[in-house]
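Beneath this line is the structure, given in structure tokens, with notes to follow.
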Amino acid sequence: MTKPTAKELQPTAKPKEMMKPTAKPKEMTKPTAKELQSTAKPKEITKPTAKELQPTAKPKEMTKPTAKELQPTAKPKVTVQTNSTPKTQQTNHTPKTQQTNSTPKTQQTNSTPKTQQTNHTPKTQQTKPTPKTLQTKRTPKTQQTKPTAKPAVPKHTMKLTQTTKSRKTKTGKHQKKDKINERKGKPLKKDNKTKETKQEKKEGTNPAYFPYFKDNYCPPDCACYGRVVQCSDKGVEKVPYGIPYNSRYVLLMNNRIDSIQLDLLNEYLSMEFLVLSNNRLTDCSIEGAFEGIPALRRLYLDRNLLESVPTDLPASLEELRLDNNRLNVMSEGAWAHCPGLLVLSLSNNSLGNGNDTLPASVLSPLGSLRTLSLDHNRLASVPLGLPLSIRELYLRGNLIQKFPGEAFMGTSELVILDLNANRLTNHGLLRESLVNATHLENLNLECNQLKKVPRHLPSSLKTLNLEGNLISSVGKASFLHLPHLEHLGLASNKIVRVASGAFRALPVLHQLDLCHNGLRQVPKQLPRGLHSVALTHNKIHSVPRDAFCWGGSDPGLSSLVLVQLEHNLIDLGHLDAKAFHCLRVFQVVHFY
């Protein structure tokens, strides 16, 4: 064997985890307790021979190490401990070869929670700290290698299965399981943190729309009953996301919704009823929001902040409520897209501005309209050119002084007309005013400024309310042309005189109200078919014989079931008993 040169003796790579020799190669001293961390003091420390000090880089050619190779390196991160368990890594030093055997039987890797331990044979139970055993190369990454039948190459030494840092995080239960898997050659399981991260990533990849808009889904802010979605009184500021597409009734009243996204409702092909009452919607915030709903029948937009009627309503619409808004403008084009509208409610707005009415024929495109409510606006006159299809017209609480004949251009189907609380006078209610209302049955003229019973009323009337006017007398011919009248209200007027037989022309009259007037006696010859008469709060002091019982000596039993005479000036001691002889029972008359 030739003497190696200095270049050959230089190590190929500086070992990362090499134990520091504490003395020169020829003279080995005892290793410190920190280096060996042994549980017992070694009995005998022998001097290493020249063969033991040879480097492991070149297995085929054994050379003598130089002094430079044996210089101390950086403090090892993983210390060597003495352990007597037979399952851990063992380094055998035979006296013949003085080399480390790397066969699978003697060389084993064990993953302990804290540090790697070097185990020794049971005979000596101690490790001789030769430089060769201290040069075991360790890689920084944790990787498990399966034992093979081939001997390990000294250049690539044993690898740790896991770093010390990752082992510390494991619980005792996982440590035990990892040890069993190590022996069987199975890879270690990943920690819980990695699992949670992957699981969160997997959940994030799910489609954003699922399960939203599904038939069986209900938004958290709502309650669902079949195809009815109840989201009222929740304080939401937007239409809740995820309302199922098959919903038929969507209730969103009493919230703080201030806008509806364009085309948001286009996918609701089955929606028939949408309630957005008492929100904060404005003209701009709902533009184009409803025209794409194909089956919408009823739309409630009352109690919002709208200033004009929407012009993009769906053609399928049958009922529209815009009460309690700020409407002051209405154009004919607003109704061009919904000719099938049946119910239109525009109450409590500012239409008319106090000195004008709606534009002529503004509602004429609504050829199927049945109910129109314009209560509590600022109309000075009944709108002209109203659709002849209207059956119910409500104009209560306006400033109307005149009912022009041009209101209905042709025979109207009007049945109910409510003009309560306006400024109508007898001059404003003309002969031609209701001439075309040949089907009118219910006329309410309460709280106006009429001084006489209006003439030229439709003969089809069944209910006439004249309460709260300025009427002072009722003539004999006042009701001659109302043969179908059943209910007549004359309360709260200034009536002091009623002509004899003034109500006789009303054969089917059932109810008569004359309360809160100035009458001094019960009117004579009341209709035979009368069921109840109210005469309270007058100045009545007498009841004529022909008030209830008239028409010959034997008029038969009266149809009266209630006669109210409370709060009058009647002296019961001077009443004529024959005035009540046709009544069924005496309890029909109430004096107090």
Side-chain angles (χ1 to χ4, degrees), residues 370-372 382 386 388-396 403 405 407-408 410-420 424 426 429-448 450 452-469 471 473-493 495 498-515 517 522-535 547-548 550-551 555-564:
R370 293 289 184 266
T371 302
L372 174 61
V382 176
L386 293 175
L388 299 177
S389 60
I390 294 179
R391 298 175 61 86
E392 300 179 20
L393 177 59
Y394 300 95
L395 294 165
R396 176 184 300 228
F403 197 115
F408 297 100
T411 303
S412 171
E413 297 181 14
L414 190 64
V415 175
I416 299 174
L417 175 60
D418 188 355
L419 287 165
N420 183 7
L424 272 174
N426 291 90
L429 201 60
L430 306 174
R431 177 188 294 267
E432 62 271 11
S433 296
L434 297 171
V435 67
N436 291 324
T438 56
H439 297 89
L440 188 63
E441 296 181 358
N442 190 326
L443 177 60
N444 187 357
L445 295 171
E446 182 181 356
C447 296
N448 277 277
L450 300 172
K452 296 179 180 179
V453 176
R455 303 179 66 180
H456 315 295
L457 296 178
S459 60
S460 57
L461 279 180
K462 293 182 178 180
T463 300
L464 175 61
N465 188 352
L466 294 169
E467 297 179 5
N469 280 277
I471 300 173
S473 63
V474 178
K476 194 169 186 178
S478 296
F479 305 103
L480 284 178
H481 304 289
L482 301 175
H484 304 290
L485 195 63
E486 298 176 358
H487 304 275
L488 176 60
L490 290 167
S492 301
N493 276 278
I495 301 174
V498 176
S500 178
F503 303 108
R504 185 176 178 180
L506 304 174
V508 294
L509 187 65
H510 295 158
Q511 184 176 358
L512 175 62
D513 189 353
L514 286 164
C515 297
N517 278 285
V522 176
K524 296 180 179 180
Q525 296 183 7
L526 293 175
R528 289 183 176 274
L530 197 63
H531 292 167
S532 68
V533 55
L535 295 162
F548 307 117
W550 57 273
L557 293 177
S558 173
S559 301
L560 282 170
V561 294
L562 179 61
V563 177
Q564 294 177 301

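Hydrogens, waters and symmetry mates play no part in the numbers below; they use all other heavy atoms, side chains included. Model, not experiment: these values are computed from the prediction.
Here the CZ-CG distance, from Phe548 to Leu560, works out to 6.5 Å after rounding to the nearest 0.5 Å. Atoms CG and CZ, on Leu429 and Arg455 in that order, are 12.5 Å from each other to the nearest 0.5 Å. To the nearest 0.5 angstrom, Leu464 atom CG is 12.0 Å from His487 atom NE2. The distance from atom NE2 of His456 to atom CD of Glu432, rounded to the nearest 0.5 Å, is 9.0 Å. Glu446 contributes atom CD, which lies 13.0 Å from atom CG of Leu424 (distance to the nearest 0.5 angstrom). Within the model, atoms CG of Leu482 and CG of Leu443 stand 10.0 Å from one another, a figure rounded to the nearest 0.5 Å.
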Full working for side-chain contact (heavy atoms from CB on, under 4.5 Å) between Leu488 and Phe479: CA-CA 10 Å; Leu488 176 60; Phe479 305 103; 3.7 Å; yes

Trace of the side-chain contact (heavy atoms from CB on, under 4.5 Å) decision for Tyr394 with Asn420: CA-CA 9 Å; Tyr394 300 95; Asn420 183 7; over 6 Å; no

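Between Gly475 and Ala502, the shortest heavy-atom contact is O-CB, 3.5 Å. Leu480 and Ala477 get closest at one heavy-atom pair: CD1-CB, 3.4 Å. The minimum heavy-atom distance linking Trp550 with Gln525 is given by the pair NE1-CA, 3.3 Å. The heavy-atom pair separating Leu461 from Asn442 by the smallest distance is CD2-N, 4.1 Å. Shown here for Lys476 and Gly501, the closest heavy-atom pair between the two residues is CG-O, 4.5 Å. Taking both residues in full, the closest heavy atoms of Ser412 and Ile390 are given as OG-O, 4.1 Å, listed atom of the first, atom of the second, then distance.
Within 6.0 Å of CZ on Arg370 lie more than 12 heavy atoms contributed by other residues, nucleotides or ligands.
At least one side-chain heavy atom of Leu417 sits less than 4.5 Å from a side-chain heavy atom of Leu434.
Checked against side chain to side chain donor-acceptor pair (under 3.5 Å), Arg528 has no partners two or more places apart in sequence or in another chain.
With hydrogens and angles disregarded, a donor-acceptor distance shorter than 3.5 Å links the side chain of Ser433 to the backbone of Phe403. Checked by atom type and distance alone, the side chain of Asn517 pairs as donor or acceptor with a backbone atom of Leu490 at under 3.5 Å. Put simply, the side chain of Asn444 never gets that close to the backbone of Arg396: no donor and acceptor are under 3.5 Å apart. For Ser460 (side chain) and Thr438 (main-chain N/O), a donor-acceptor pair under 3.5 Å exists by modelled atom type. Put simply, the side chain of Asn493 gets close to the backbone of Ile471: a donor and an acceptor are under 3.5 Å apart.
Applying the side-chain contact (heavy atoms from CB on, under 4.5 Å) test between Phe503 and each of Leu512, Val533, Leu530 identifies Leu512 as the sole match.
Aromatic ring pairs are classed by plane angle as parallel below 30°, tilted from 30° to 60° and perpendicular above 60°; the pair His531 and His510 is parallel.
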